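Please read all numbers here as calculations on a predicted model, not as lab measurements.
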Amino acid sequence: RYKLPKQLHQELFPFQRAAVLVAAGHLEKRGGVLLGDVVGLGKTFMATALARLMEDRHDLQTLILCPPNLMAMWRDYRERYGLRGRVMSLGKVVDDLPQLIRHRLVIIDESHNLRNREGRRYIAIRNYIAQNTEFTVLLSATPFNKEFADVANQLRLFLSDDDDLGVRPERWLRDLTAEDIAQLQINPK
């Protein structure tokens, strides 16, 4: 059973509390989770609550990686809700992550910026997570930008290609015809 700190429990809406508790279960089961929702529904607040829950439960520190324009907001959340750890700009990860102390929880805000597995930032973050991190939280309002691999590459930050997820969506996607895709867009289920 997961328990949120009282302040966060009171400030979160019921749908946010439910999302945080579900995310905590996935985080502990798989080592990572993607919180994808439209702008304005509180992904940052939910990730803060999830981080506090995990910090309290596992006695760990959190590293928050975000675009430079979100650093002040994340520092405010870190102070206001007592997160232990650090906020770092995504623009500094190539130079700073290799020397950084271990953070067992990493939050990556606007993770859709990490679609390219060959990019220097992606590789630096992937290496840091593989060597230091037990839990990874991805946040994005647009996890799918250009192609299905966008989501897969984000998930690869904490999942390996041979992890058994119980499903093989890439096989299903590969076999889709243009007509199938059009139908999915017309009648999403």
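Across all their heavy atoms, M54 and L105 have their closest contact at CB-CD2, 4.2 Å. Looking at every heavy atom in both residues, M71 comes nearest to S89 through SD-CB, 3.3 Å. Across M46 and A19, no two heavy atoms sit closer than the pair SD-CB, 3.7 Å. Heavy-atom minimum distance, A124 versus L97: O-CD1, 3.8 Å. The two residues L139 and T44 make their nearest non-hydrogen contact at CD1-CA, 4.5 Å. S111 and Q154 make their closest contact through OG-OE1, 2.7 Å (heavy atoms, listed as atom of the first residue, atom of the second, distance).
Not less than 6.0 angstrom separates the ring centroid of F135 from the ring centroid of F158.
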Checklist entry - How far apart are the C-alpha atoms of T62 and R78, what are their side-chain angles, what is the distance that settles it, and do they pass the side-chain contact (heavy atoms from CB on, under 4.5 Å) test? => result CA-CA 9 Å; T62 301; R78 183 190 67 199; over 6 Å; no
Checklist entry - Could you go step by step and tell me if L63 and M88 meet the side-chain contact (heavy atoms from CB on, under 4.5 Å) rule? => result CA-CA 7 Å; L63 173 63; M88 178 186 289; 4.2 Å; yes
Next on the checklist: Evaluate I129 against I108 for side-chain contact (heavy atoms from CB on, under 4.5 Å), listing each step before the verdict.
Outcome noted: CA-CA 11 Å; I129 288 170; I108 305 172; 4.1 Å; yes
Next on the checklist: K6 vs E11, test: salt bridge (charged side-chain N to carboxylate O under 4.0 Å, His left out). Steps then yes/no.
Outcome noted: CA-CA 9 Å; K6 185 177 181 179; E11 291 183 29; over 6 Å; no
Next on the checklist: If you apply the rule side-chain contact (heavy atoms from CB on, under 4.5 Å), what do you find for L90 with I125, and how did you get there?
Outcome noted: CA-CA 9 Å; L90 281 169; I125 292 169; 3.7 Å; yes
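Side-chain N or O atoms of T133 include one that pairs as donor or acceptor with a backbone N or O of H103 at under 3.5 Å. The closest donor-acceptor contact from the side chain of R104 to the backbone of H58 lies under 3.5 Å. Counting only distance, with no hydrogens or angles, the side chain of R117 and the backbone of Y122 share no donor-acceptor pair below 3.5 Å. Side-chain atoms of N113 come within 3.5 Å of backbone N or O of E110 as a donor-acceptor pair.
Here NE2 of H26 is found 11.5 Å from CG of L21. Values are rounded to the nearest 0.5 Å. Between I123 atom CD1 and N116 atom CG the span is 8.0 Å, to the nearest 0.5 Å. For the atom pair NE2 (H112) and CG (L34), the distance works out to 11.0 Å, reported to the nearest 0.5 Å. Rounding to the nearest 0.5 Å gives a distance of 9.5 Å between CD1 of I101 and CG of N132. The structure places CD of Q131 at 10.0 Å from CZ of R126, a figure rounded to the nearest 0.5 Å.
Counting only heavy atoms from C-beta outward, the side chains of E55 and L83 approach each other to under 4.5 Å. Two residues are said to be in side-chain contact when any heavy atoms from C-beta on lie closer than 4.5 Å; V137 and L35 meet this criterion. Side-chain atoms of L8 and R52, non-hydrogen and from C-beta on, do get closer than 4.5 Å to each other. K3 places none of its side-chain heavy atoms less than 4.5 Å from the side chain of L53. In this structure the side chain of L50 reaches within 4.5 angstrom of the side chain of V33, judged on heavy atoms.
By the 4.0 Å N-to-carboxylate-O rule, D76 lies close enough to R80 to be salt-bridged with it.
Under the 30°/60° scheme for interplanar angles, the aromatic rings of Y81 and Y77 are found to be tilted.
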